[in-house]
Amino acid sequence: MNAAIADVLIPLALDTAYSYAVPAGLDLAEGDVVQIPLGPRETVGVVWGLRDGAAGSNLRKVTARIADEGMAPPLRRLVDWIARYTLAPKGSALAMALRLPEDGPRTETAKVGVRATGAAPSRITAARSKVVAVAADGAVRGKRALALESGVSAGVIDGLIDDGVLETVTLAPERVAEPPDPDHPHPPLSGPQRTAAEALIATLTAPPAGGGPAGEGGVTLLEGVTGSGKTEIYFEAVAEAVRRGVQSLVLMPEIALTAQFLDRFTARFGARPAAWHSGIGGRRRERIRAGVLAGEIPVVVGARSALFLPFRHLGLVVVDEEHEAAYKQDDGVCYHARDMAVVRGKLENAAVVLASATPSIETRVNAARGRYRRVVLPERFGGRRLPEIRAIDMRREAIPRGRYLSPTLTAAVAETNARGEQALLFLNRRGYAPLTLCRACGHRYQCPNCSTWLVEHRFRRALVCHHCGHAERRPDACAECGTVDSLTACGPGVERIAEEVAATFPDKRVIVLSSDFPGGAERLRAELQTVAEGGCDIVVGTQLVAKGHNFPLLTLVGVLDADIGLASGDPRAAERTFQLLQQVTGRAGRGEKPGRALVQTYQPEHPVIAALISGDAERFYEEETAAREVAGLPPFGRLAALIVSAAEREAAEAHGQALARVAEPPPGVMVLGPAEAPLALVRGRHRFRLLVKAEREIDIQSYLRDWIARGPKPRGNVRVAIDVDPQSFL
DNA sequence: AGCCACTTTGTA
DNA sequence: ACAAAGTGGCTG
């Protein structure tokens, strides 16, 4: 007997499945994709549940089943899990897994982005000007992303498109996959590489083709410096998965999904993999989806959205460069693809491999606690070692006022250049000076919207807020007392360092690299190329230089102020700083010659600095965990963020007080904030974060959900996203 | 009031 | 997603 009522989840921002009557003669199963009426129109949805009941009521009817193949239980469970974990509406989570054929005889509808045309709006409003300011750099962004970044709602963007201020652009597609050959001839692995590959293969849950025991799955951290052959090693696990007839997914941060990587894959397997990323659209997208669903495509290499492909027999998930921030999705459903990969792996009973040269702190902790296996590659293939890192104690260096390069570092740069090698001076601060004040009256230039100082950008002759993007002309006279030429720049930014470097090394070629690089992405890429080819002696850069482009001639990294960020009040400051500095210093000596790093600091004994110098990440998190305990901060993997959508920013601010006074936290749970406001919302970029400490295993999401429901309802949608690893909730 | 731009709500 | 209803500023 057929069920009378189907609960259908619709891929819209709805948190509950809607109930429909099942018409006589339609035999539905859970997971079936169906067409249903919704309001005045017809939509698709997925049968999330079936039950018997009095169907004769006022329910509308399911129109039809529209696909032969339904959504498999593990993928449905993933949708449920992600919705629950990220506190996103279930329907939104479903939408990620249901990128259906963009129905009808659709030709080439690739991903659509928008960018500024340069035309002025016919009508200017506060919301519009925010968008125009953000889009002014000419970069292409997704509609949602632009709306969120500008702090406006999507309607504004549409309005600006109609007005001709923004134009839509589509990205071009390429071609589909060939079957990979696991036994394609390839260069042999070294002994240690072979051992590591065996260790990964031993975790595969699919039984070996020739009989024998299967592995037990779980998560393995594959750790090894750049050049140690991580990719070749996990390729062996992929090859074995192919032999065993299960599918593999290799996740990469979007930027790393390059032709170069696909070429390496082709060299190993004699065929191009199916590549999946947001730019792939239309027929190609549909063919890959269908191939994956049918089990005909054994290997997919993709960006984070590949996580939701309907694999038939998923046996292996590899997350390459697992520490990459690009795995975080920040608009729509906020999730971390690395963590969701772990979850999917668990639900599918697939082995998971996390690969990185500089694993994230969360992953290190999980490995140290035995939740993840750990495979470490001893050193770089070819015997290269990590750069030697030393601290420069700034309390002992004699530096004139207004100068920031210590004599020790200056000498090292000169020495390096004399050998024909490059030096990188790293300072994580854009612009010329982080604070401008009037010498006459002491007035400090502050952002009208945020509580931050305006940063001087001498090149642009502007004062800029790095928080909200607000910019104003740098005045000639003090806005407060009117004194002319009284403004002083306090502290260094990269522009100022470049000035100092130019004065100290007048005959050297200096390049400044920062994310606000004038001339946009094209010119930036050209500059990076110049550096790589040796067309420059000294690079001055912000965190932009922490990753990406390889600079083979770079042998010295000087960190100008390692202490930046350590006192930022963000409970994750320490781990963020550690990771950033580890990546930056690791850039030295990637070529033939060995590298070294010098780190200017006023607190060489600080755990983060000490760990960086010793290269002992394990000690760092041990000490950091202890320090957090003393400070009453949550341990790693226990931070949650309450995020109020950008559109409701103003409203949220008005209700901040109310929110802050809401609800008594339940026992064992503590909401962190400044001491004077224990439940305060901490301002982040276009959002508010609320930090929650849990002393026991709790479900932070449902706690927050209750917490919000119990208090006075804040106006608008309050979405909550969790910034932790999911291990503790599995 | 009426208009406009934008936000919020509801869809079973 | 999309359409309908609501909000709040502005105008004359």
Side-chain angles (χ1 to χ4, degrees), chain A residues 3-23 26 28 32-64 66 88-104 106 109 111-112 120-132 134 142-144 146-148 150-166 168 331-333 644-655 686 708 713-719:
Chain A
I5 298 175
D7 294 317
V8 179
L9 191 58
I10 301 162
L12 300 177
L14 300 166
D15 199 38
T16 48
Y18 282 0
S19 303
Y20 290 85
V22 182
L26 186 62
L28 289 179
D32 280 351
V33 183
V34 290
Q35 188 182 338
I36 66 264
L38 184 72
R41 70 215 120 100
E42 294 276 313
T43 343
V44 292
V46 176
V47 177
W48 225 247
L50 286 168
R51 59 202 160 89
D52 296 318
S57 61
N58 45 5
L59 291 181
R60 300 177 78 176
K61 278 189 195 143
V62 171
T63 312
I66 59 170
K90 263 188 196 181
S92 304
L94 176 67
M96 300 194 294
L98 246 203
R99 299 271 162 74
L100 279 167
E102 288 143 30
D103 57 320
R106 176 75 77 207
T109 308
K111 181 184 165 114
V112 187
S122 63
R123 185 184 301 271
I124 191 76
T125 65
R128 285 184 165 198
S129 62
K130 280 191 260 181
V131 177
V132 170
V134 171
K143 272 201 220 176
R144 276 201 79 113
L146 181 56
L148 205 73
S150 316
V152 302
S153 73
V156 185
I157 309 293
D158 288 330
L160 285 168
I161 293 171
D162 292 343
D163 204 15
V165 178
L166 297 175
T168 55
D331 59 349
V333 180
V644 182
S645 75
E648 288 99 27
R649 185 172 156 169
E650 306 295 309
E653 205 149 2
H655 283 255
H686 295 308
I708 289 160
K713 193 182 184 308
R715 245 179 63 116
N717 301 321
V718 175
R719 294 182 304 131

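The sequence lines fix the lettering, A, B, ..., with proteins before strands; numbering per chain opens at 1.
- Qualifying side chain to side chain contact (heavy atoms under 4.5 Å, CB included) partners for A/Val62, counting only residues two or more places apart in sequence or in other chains: A/Ala6, A/Tyr20, A/Pro23, A/Leu26, A/Leu28, A/Val34, A/Ile36.
- For the side chain to side chain donor-acceptor pair (under 3.5 Å) test, residues two or more places apart in sequence or in another chain that qualify with A/Gln35 are A/Glu42.
- A/Leu14 pairs by the side chain to side chain contact (heavy atoms under 4.5 Å, CB included) definition with A/Ile10, A/Leu12, A/Tyr18, not counting sequence neighbours.
- Evaluation of the side chain to side chain donor-acceptor pair (under 3.5 Å) rule for A/Ser129 yields no partner, not counting sequence neighbours.
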For nucleotides 10-12 of chain B, give me every protein contact, N/O to N/O, under 3.5 Å, one pair per line with atom names.
unit_1, atom_1, unit_2, atom_2, d
B/dT11, O3', A/Gly39, N, 3.4
B/dA12, OP1, A/Gly39, N, 3.4
B/dA12, OP1, A/Arg60, NH1, 2.4
B/dA12, O3', A/Ser19, O, 3.4
B/dA12, O3', A/Arg60, N, 3.3
B/dA12, N3, A/Ser19, N, 3.1

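- The side chain to side chain contact (heavy atoms under 4.5 Å, CB included) check on A/Ala13 picks up A/Pro89, A/Ser92, with sequence neighbours excluded.
- Under the salt bridge (charged side-chain N to carboxylate O under 4.0 Å, His left out) criterion, A/Arg51 pairs with A/Asp7, sequence neighbours left out.
- When the side chain to side chain contact (heavy atoms under 4.5 Å, CB included) test is applied to A/Ala95, the partners found at least two apart in sequence or on another chain are A/Pro11.
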Which protein N or O atoms sit under 3.5 Å from an N or O of nucleotides 2-6 of chain B?
unit_1, atom_1, unit_2, atom_2, d
B/dA5, OP1, A/Arg123, NE, 2.8
B/dC6, OP1, A/Thr125, OG1, 3.0

